[in-house]
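Comments concern the structure below.
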Number of protein chains: 2
Amino acid sequence: MAPSEPSSADDLVAGLRRAGLRVTAPRRAVCAVLASAGEEHLTAADVAGRTGAAVDLSTVYRTLDALEGLGMVQHVHLGHGAGAYHVGPSEDHHHLVCEECGRTVDVALETLQRAIEGVTAPLGFVPDAAHFAIVGRCAACAGG
Amino acid sequence: MAPSEPSSADDLVAGLRRAGLRVTAPRRAVCAVLASAGEEHLTAADVAGRTGAAVDLSTVYRTLDALEGLGMVQHVHLGHGAGAYHVGPSEDHHHLVCEECGRTVDVALETLQRAIEGVTAPLGFVPDAAHFAIVGRCAACAGG
DNA sequence: CTCTCTGCAAATGCTTTGCAAACTC
DNA sequence: GAGTTTGCAAAGCATTTGCAGAGAG
């Protein structure tokens with residue numbers, strides 16, 4: 001399946017507008033940064049930085065929060081550092097986070113999803129795929 | 001299935017001693033709390049609280065860190081809140097953490113393990129089972 | 001007695017919040 | 001013009017660290 005294209009800046013902006021939220025310069029900037037980052041994981045500070053420091057960090061958090069509420073952005077907490085945000089609808093892809101280099105790889109996978117549900121369903125547990133990360137060591141750090 | 005018994009307070013203390021670390025009253029207290037919590041996930045503050053506030057938070061962190069270094073305690077970061085610590089060696093069981101009530105259920109599962117490896121192996125990624133948690137909503141919170 | 005550990009307090013890093021001014025619709 | 005947003009600054013958590021005194025071996 002062709003993974004649905006990550007939302008473009010315009011899509012994000014349109015989403016804000018559709019939700020009745022106002023489209024302001026700072027929000028446009030944040031949307032542009034997110035869209036250009038693709039699937040890359042950015043911290044709030046990264047986003048703020050890429051807007052050319054034109055947007056206050058608190059505003060970035062508020063905007064990210066709004067977008068997340070619309071389901072157009074996801075955020076995860078990996079290890080100790082700051083939370084990571086990235087565009088994308090609630091797709092079925094999971095994050096593999098390297099404990100050593102901190103790099104993140106994501107995999108779109110049904111098998112895993114099905115296996116997880118096979119475990120959680122009997123327990124009545126509803127897994128949140130978006131918030132799901134597998135920690136370990138990536139090829140580079142593990143292999144040597 | 002009888003999951004291998006979590007370490008007892010004595011085991012933890014013995015571990016410290018074996019590592020050449022000193023066995024002090026605060027450390028004993030932390031070990032006792034961890035042992036009595038079983039597989040429950042505790043934040044550093046929880047641990048401090050259960051010692052009867054007899055142990056300073058910074059000391060709790062230092063002790064937890066020491067025990068983690070010995071591989072007798074694991075810690076994970078779930079969602080936004082504080083990190084969660086719990087006793088236990090690197091077993092092959094995973095944690096289902098409820099975002100709403102914070103309760104944790106653990107499942108010892110091969111299917112899941114195999115599915116995960118099926119995904120990560122091709123990428124050369126080495127998953128760390130102990131650090132692995134599935135976030136979602138438990139039956140009580142999801143079902144209503 | 002020597003060296004580690006503890007408690008206190010201050011510092012740090014990430015995120016949130018109060019509020020008046022700026023801006024969107 | 002009405003009501004949402006912004007930026008600034010300060011507050012709020014979780015966690016770490018410096019240091020002198022207390023305690024373990």
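Note on naming: letters A, B, ... go to the chains in the order of the sequence lines (proteins, then strands), and numbering restarts at 1 for each one.
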Point to revise | Gap between atoms NE2 and P, on H75(B) and dA14(D) respectively (whole Å) | key: 14 Å

Review point. Taking the inter-plane angle between the rings of Y61(A) and Y85(A) on a 0 to 90° scale, is it parallel (under 30°), tilted (30 to 60°) or perpendicular (over 60°)?
Key: perpendicular

Practice item. Measure across A32(A) and A9(A) and return the closest heavy-atom pair with its distance rounded to 0.1 Å. Key: CA-CB, 3.8 Å

Check your understanding: Any link between V30(B) and V13(B) through a network of hydrophobic side chains (Ile, Leu, Val, Met, Phe, Trp, Tyr) touching at under 4.5 Å?
Key -> no

Exercise for review: First locate atom CG of L67(A), then atom NE2 of H75(A), and finally report the distance between them rounded to the nearest 0.5 Å.
Suggested key: 13.0 Å

Revision key, fill the gap. Rounded to whole Å, OH of Y61(B) lies from C1' of dC8(C) at a distance of 16 Å

Check your understanding: With sequence neighbours excluded, what pairs up with D56(A) under the side-chain contact (heavy atoms from CB on, under 4.5 Å) test?
Key -> S58(A), T59(A)

Review point. Which part of the nucleic acid, if any, lies within contact of A29(A), taking any heavy atom under 4.0 Å across all strands shown: a base, the sugar-phosphate backbone alone, or nothing?
Key: nothing

Review point. Residues in side-chain contact (heavy atoms from CB on, under 4.5 Å) with S36(A), at least two apart?
Key: none

Exercise for review: Scan for side-chain hydrogen bond (donor to acceptor under 3.5 Å, both in side chains) pairs involving residues 21-31 of chain B, sequence neighbours excluded, and state none if there are none.
Suggested key: none

Practice item. Let me know the distance between CG of L16(A) and P of dT5(D), rounded to the nearest Å. Key: 9 Å

I'd like a table of atom pairs between the protein and nucleotides 22-25 of chain D - only N or O on both sides, under 3.5 Å - with the distance next to each one.
| residue | atom | partner | partner atom | Å |
| --- | --- | --- | --- | --- |
| dG23(D) | N2 | R22(B) | NH1 | 2.9 |
| dA24(D) | N3 | R22(B) | NH1 | 3.2 |
| dG25(D) | OP1 | V23(B) | N | 3.4 |

Review point. D56(B) has an atom CG; how far is it from atom C1' of dA20(D), in whole Å?
Key: 15 Å

Point to revise | Closest heavy-atom pair and its distance - A44(B), V60(B) | key: O-CG1, 3.6 Å

Check your understanding: Please give, in whole Å, the distance from dA9(C) P to L57(B) CG?
Key -> 14 Å

Check your understanding: How far does CZ of R62(A) sit from CG of L57(A), to the nearest 0.5 angstrom?
Key -> 10.5 Å

Check your understanding: If an axis is fit to five pairs at each end of the helix from dC1(C)-dG25(D) to dC25(C)-dG1(D), what is the angle between the two, to the nearest 10°?
Key -> 30°

Exercise for review: Mind checking side-chain contact (heavy atoms from CB on, under 4.5 Å) for A37(B) and listing every partner two or more places apart, or none if nothing turns up?
Suggested key: E40(B), L42(B), R50(B)

Check your understanding: With sugar-phosphate meaning primed atoms plus P, OP1 and OP2, does A66(A) contact a base, only sugar-phosphate, or nothing at under 4.0 Å between heavy atoms?
Key -> nothing

Review point. Once you round it to whole Å, what is the distance between P of dC14(C) and CG of D65(A)?
Key: 18 Å

List, with names and distances, any nitrogen or oxygen atoms from the protein found under 3.5 Å away from nitrogen or oxygen atoms belonging to nucleotides 18-20 of chain C.
| residue | atom | partner | partner atom | Å |
| --- | --- | --- | --- | --- |
| dG18(C) | O6 | R62(A) | NH1 | 3.4 |

Study note, to complete from the structure: Sequence neighbours excluded, the answer for side-chain contact (heavy atoms from CB on, under 4.5 Å) partners of A19(B) is L21(B), L70(B)

